[in-house]
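Every number for a ligand or one of its atoms is a count from 1 in the order of the listing.
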Amino acid sequence: RVWPSSAYTRVTLESNRTLKYKQFMLTNPDRLVVDIDDIQLNSVLKTVSQQFQSDDPLIKEARIGQFDPKTVRLVLELKQATNPKVFTLDPIAEFKHRLVLDLYPAVGRYDNAEDPLLALLEDYNKGDLESKLPSEAPLAGKAGRDRPLVIMLDPGHGGEDPGAIGKNRTREKDIVLQIARRLRSLIEREPNMKAYMTRNEDVFIPLRVRVAKARKQRADLFVSIHADAFTNRAARGSSVFALSKKGATSTAARFLAETQNESDLIGGVGMSGDRYLDHTLFDLVQTATISDSLKFGGEILKRLGRVNKLHKNKVDQAGFAVLKAPD
Ligand SMILES: [Zn+2]
């Protein structure tokens with residue numbers, strides 16, 4: 001499968017067993033070569049070159065062949081200098097063993113970035129952000145009164161992750177993207193609100209990057225939109241979730257470890273450098289955030305109840321990864 005997007009291109013090969021591989025780059029022209037061990041070229045692999053579209057921003061063409069009796073060689077000819085990240089993923093849900101080739105444009109800092117996808121997506125958002133907000137202005141003042149209320153809409157899933165599949169083969173990733181786009185245009189009509197989206201195309205965005213994008217733009221509100229399935233087809237109705245206390249505490253330690261050495265902000269409170277004080281501040285901010293989320297979620301639920309059946313009359317709580325940023 002090939003998922004080109006404006007930010008990066010993902011190529012996925014899926015197999016019944018672990019794929020062993022070696023990768024290297026060649027120049028003149030720039031090529032990424034991936035040798036896959038212990039497999040034979042089959043009818044599916046032979047169609048690889050047809051999976052690529054000519055408008056892919058990074059890949060000019062793909063070739064595949066049986067390099068030697070035990071090795072299949074995949075050659076991606078590149079349109080520009082590219083920074084590939086090749087890795088395997090273990091089976092999960094309906095996916096089997098996967099060999100993933102993520103290709104990023106090799107633009108200076110991405111090559112050295114710890115997380116090239118995050119660095120790239122930050123830049124990718126910048127143009128949009130700078131045209132709407134005064135540059136470098138801190139988001140001080142009361143949201144919605146002194147400055148726009150910043151809302152990050154997060155259409156779930158995307159790219160090779162389709163989310164739930166409906167009985168007419170509709171895909172959750174498409175439905176939630178349309179909902180988010182419509183919601184964004186409604187929000188844009190409000191005079192003192194500004195909406196962003198974690199994705200506005202059919203692209204896979206890791207959960208941590210979704211959260212990072214919201215924090216980067218100092219969003220006041222993060223709304224993740226899903227259209228999930230259940231084992232029982234009779235299930236109907238809407239629900240609203242906030243982060244659970246349990247999900248929150250399990251991430252506090254790791255979050256603190258990650259940000260310990262940075263002058264990061266936790267909900268406007270600077271890290272003190274003292275482990276116990278930081279932990280207390282984190283807890284205070286997150287507790288306040290959960291409490292706000294429950295109030296806000298209750299308002300959404302009330303309004304949803306006017307247009308749809310509800311699962312429950314109160315906001316549910318669970319440890320969703322995208323809700324774990326304290327602020
Ligand atoms: Zn979902």
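Looking only at its N/O/S atoms, Glu172 has OE2 as the one nearest to the Zn ion (ligand 1). In Asp228, the N, O or S atom that comes nearest to the Zn ion (ligand 1) is OD1. Among the heteroatoms counted here (N, O or S) of His226, ND1 is the one nearest to the Zn ion (ligand 1).
At a cut-off of 3.5 Å, with distance as the only test, a side-chain donor of Arg181 or Asn200 sits close to an acceptor on the other residue. A side-chain N or O of Ser238 and one of Asn308 form a donor-acceptor pair less than 3.5 Å apart. Side chains of Ser239 and Asp316: no donor on one and acceptor on the other come within 3.5 Å. If you check the side chains of His226 and Glu172, you find a donor sitting under 3.5 Å from an acceptor.
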